[in-house]
2 protein chains.
Amino acid sequence: MVAKTPASPAFSRLLTLREQPLTYPKSLVELAYEQLLSMLVTMKIAPGAHIGIEALSRDLQISPTPIREALTLLEAQKLAYKIPNVGFRAADLLTGPEIDDLFEMRLLIEPKAAAFAALRSSQEHFDALTILSDNMARVAGGEETDYAQFAEGDARLHHLVAQASGNRFVAQTVEGLHVHLHIFRFLFRTNAPEQALQEHAAIVRALLARDADAAEGAMRDHLEASRQRMARALARHDVATPDREGSTPRRIDSSERCP
Amino acid sequence: MVAKTPASPAFSRLLTLREQPLTYPKSLVELAYEQLLSMLVTMKIAPGAHIGIEALSRDLQISPTPIREALTLLEAQKLAYKIPNVGFRAADLLTGPEIDDLFEMRLLIEPKAAAFAALRSSQEHFDALTILSDNMARVAGGEETDYAQFAEGDARLHHLVAQASGNRFVAQTVEGLHVHLHIFRFLFRTNAPEQALQEHAAIVRALLARDADAAEGAMRDHLEASRQRMARALARHDVATPDREGSTPRRIDSSERCP
DNA sequence: TGAGAGGGAATTCTATAGGATATTGGGCTT
DNA sequence: AAGCCCAATATCCTATAGAATTCCCTCTCA
């Protein structure tokens with residue numbers, strides 16, 4: 001192998017003396033994980049595409065071992081899957097029915113989570129919730145709405161509510177489910193900020209009033225509205241790029257490589 | 001290193017020519033994972049205990065790399081957690097309130113999953129369900145009930161119902177939740193087989209009749225009964241081994257090693 | 001006598017190399 | 001001409017070794 005760049009050895013020494021002594025120099029696994037996740041969410045790696053380890057190793061300047069571990073982590077989140085002795089592939093794009101299942105699942109959990117949160121949440125969670133809600137309103141109020149930022153805020157809000165429920169398993173699951181939506185949000189710039197914003201406000205209002213029923217209802221309404229928006233976006237997309245498979249959104253098979 | 005045993009190099013050659021050509025020779029990661037999981041469930045590794053990689057490497061005759069990967073997988077399931085540059089530890093034993101949260105979560109999902117299954121399940125899943133149910137009845141009918149086997153059957157039944165719901169996310173989550181109960185079931189030989197068996201039968205009956213409401217109710221009853229049995233067992237355990245922390249089951253801190 | 005700093009051992013983390021496996025292209029047979 | 005078999009290449013999987021970090025014990029000093 002040629003000496004491309006000194007790469008990594010002994011570079012962590014530099015990271016140790018940066019602004020935050022409490023923030024650990026992220027392990028290479030974490031770095032690789034973040035990069036990978038970002039690539040997956042922004043579709044720099046296409047769904048279903050083969051993820052070559054050594055190619056990534058070159059691109060990220062990280063040896064294969066940490067990359068392997070990061071991919072294992074992603075596999076556990078169902079964002080990638082592994083075929084033994086063949087390699088890793090990015091998870092397939094969710095089909096229409098699967099999106100529906102996802103919302104069905106969310107409807108089972110999140111409304112009740114909101115109800116629990118209304119009853120049991122700590123003040124800290126409420127504070128974080130109001131701050132986040134205000135920030136999102138400000139972002140959406142601006143002329144040029146940053147969709148990515150809004151999507152991130154939406155994810156954080158739902159996760160916060162789940163955390164506020166005080167049930168660790170609920171929070172865990174909600175977080176896990178949300179990741180899958182990221183990819184779709186990148187594809188379809190849906191989730192009309194104004195509407196979603198109002199729905200969010202209704203949820204937060206009910207929570208702060210500690211009205212469990214109202215919170216449950218508001219969350220349910222939000223999810224169902226969101227589901228319909230997603231369904232409409234999917235339908236539009238199908239019309240825009242019709243495929244011979246019928247109405248299910250195309251499976252990007254793509255034997256193409258990542259970079 | 002001394003030549004303890006030839007260990008792994010070139011042993012896979014032998015495995016290739018065994019009975020099932022379709023069954024791949026399990027990768028070392030899978031082997032390590034299974035061993036680890038077994039050790040955790042049977043508490044050969046105590047909750048909270050430090051898991052030394054190189055110690056395991058010696059015991060399992062597997063090099064550290066695959067073990068690392070298996071531990072990463074377990075970490076994703078929340079059965080272990082990692083402290084960077086320090087190592088992996090087995091997850092702490094669930095506290096009383098956490099057990100309650102777990103059942104709360106299951107009650108959100110599984111009854112509806114049963115209802116969905118009643119409406120949408122394939123015949124294959126129903127067949128598997130009836131077979132499993134019969135087998136469990138036979139096992140429990142025997143004089144010496146094998147608790148471990150019964151617990152395994154219970155887990156499989158719940159997972160099957162979740163799968164039969166046709167919602168991949170539901171199935172995924174239910175499976176993930178069940179793992180945590182395994183450890184408890186090993187501790188407290190609860191889940192009175194006779195009662196649980198009747199409750200299971202009620203669920204299966206409702207499913208086969210494709211009666212969604214009945215299935216939902218039967219599952220809810222089963223879970224609530226199970227929750228109460230678990231609570232009683234926990235209370236007994238607290239009385240038996242009282243600790244100064246109050247009524248929450250003791251956290252086994254244990255800096256002890258695994259083997 | 002107790003507290004804090006320094007050094008050493010143990011362990012984790014990353015990199016690299018070798019062996020094993022699947023895939024692709026060419027040649028041969030039917 | 002089509003299908004099958006075989007070899008070469010690329011990739012993955014595992015093992016081993018070196019670098020970095022943490023923990024613990026000891027020594028020193030107030």
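Chain A is the first sequence line, chain B the second, and so forth, proteins listed ahead of strands; every chain is numbered from 1. These numbers were taken from a predicted model, which means no experiment stands behind them.
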Please report, rounded to the nearest Å, how far the [atom2] atom of [N] is from the [atom1] atom of [X].
{"X": "B/Ile67", "N": "C/dT11", "atom1": "CD1", "atom2": "C1'", "result": "14 Å"}
{"X": "B/Lys82", "N": "D/dT22", "atom1": "NZ", "atom2": "P", "result": "13 Å"}
{"X": "B/Ile53", "N": "D/dT14", "atom1": "CD1", "atom2": "C1'", "result": "15 Å"}
{"X": "B/Arg58", "N": "C/dT12", "atom1": "CZ", "atom2": "P", "result": "10 Å"}
{"X": "B/Asn85", "N": "D/dT21", "atom1": "CG", "atom2": "P", "result": "8 Å"}
{"X": "B/Ile83", "N": "D/dA20", "atom1": "CD1", "atom2": "C1'", "result": "18 Å"}
{"X": "B/Tyr33", "N": "D/dC13", "atom1": "OH", "atom2": "P", "result": "18 Å"}
{"X": "A/Glu69", "N": "C/dT14", "atom1": "CD", "atom2": "C1'", "result": "10 Å"}

Nucleotide nearest [X] (side chain, heavy atoms from C-beta), chosen from [options]:
{"X": "A/Ile62", "options": "D/dC13, D/dT16, C/dA15", "answer": "C/dA15"}
{"X": "B/Leu28", "options": "C/dA15, D/dA15, C/dT16", "answer": "D/dA15"}
{"X": "B/His50", "options": "C/dT14, C/dT11, D/dT11", "answer": "C/dT11"}
{"X": "B/Arg68", "options": "D/dC13, C/dT16, C/dT14", "answer": "C/dT14"}
{"X": "A/Val86", "options": "D/dT14, C/dA22, D/dC23", "answer": "C/dA22"}
{"X": "B/Val29", "options": "C/dT14, D/dC12, D/dT14", "answer": "D/dT14"}
{"X": "A/Ser63", "options": "D/dA15, C/dA22, C/dT16", "answer": "C/dT16"}

**Request:** Drop me the distance from A/Asn167's CG to A/Gln172's CD, to the nearest 0.5 angstrom.
**Result:**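 Those atoms lie 9.5 Å apart.
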
**Proximity of A/His159 and A/His178 rings by center, below 6.0 Å** = no

**Request:** Assess the side chains of B/His125 and B/Gln163: does a donor N or O sit below 3.5 Å from an acceptor N or O?
**Result:**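 Judged by distance alone, the side chains do not pair up.
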
**Item:** With B/Thr65 via side chain to side chain contact (heavy atoms under 4.5 Å, CB included) - residues at least two apart
**Value:**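 Testing B/Thr65 for side chain to side chain contact (heavy atoms under 4.5 Å, CB included), a comparison that skips the adjacent residues, returns B/Ser63.
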
**Complete:** Comparing nearest nucleotides in DNA chain C, the 5'-proximal residue of the pair B/Glu54, A/Thr65 is B/Glu54

**Request:** Apply side-chain hydrogen bond (donor to acceptor under 3.5 Å, both in side chains) to A/Gln35 and list each qualifying residue two or more places apart in sequence or on a separate chain.
**Result:**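 Per chain and number, A/Gln35 pairs via side-chain hydrogen bond (donor to acceptor under 3.5 Å, both in side chains) with no residue.
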
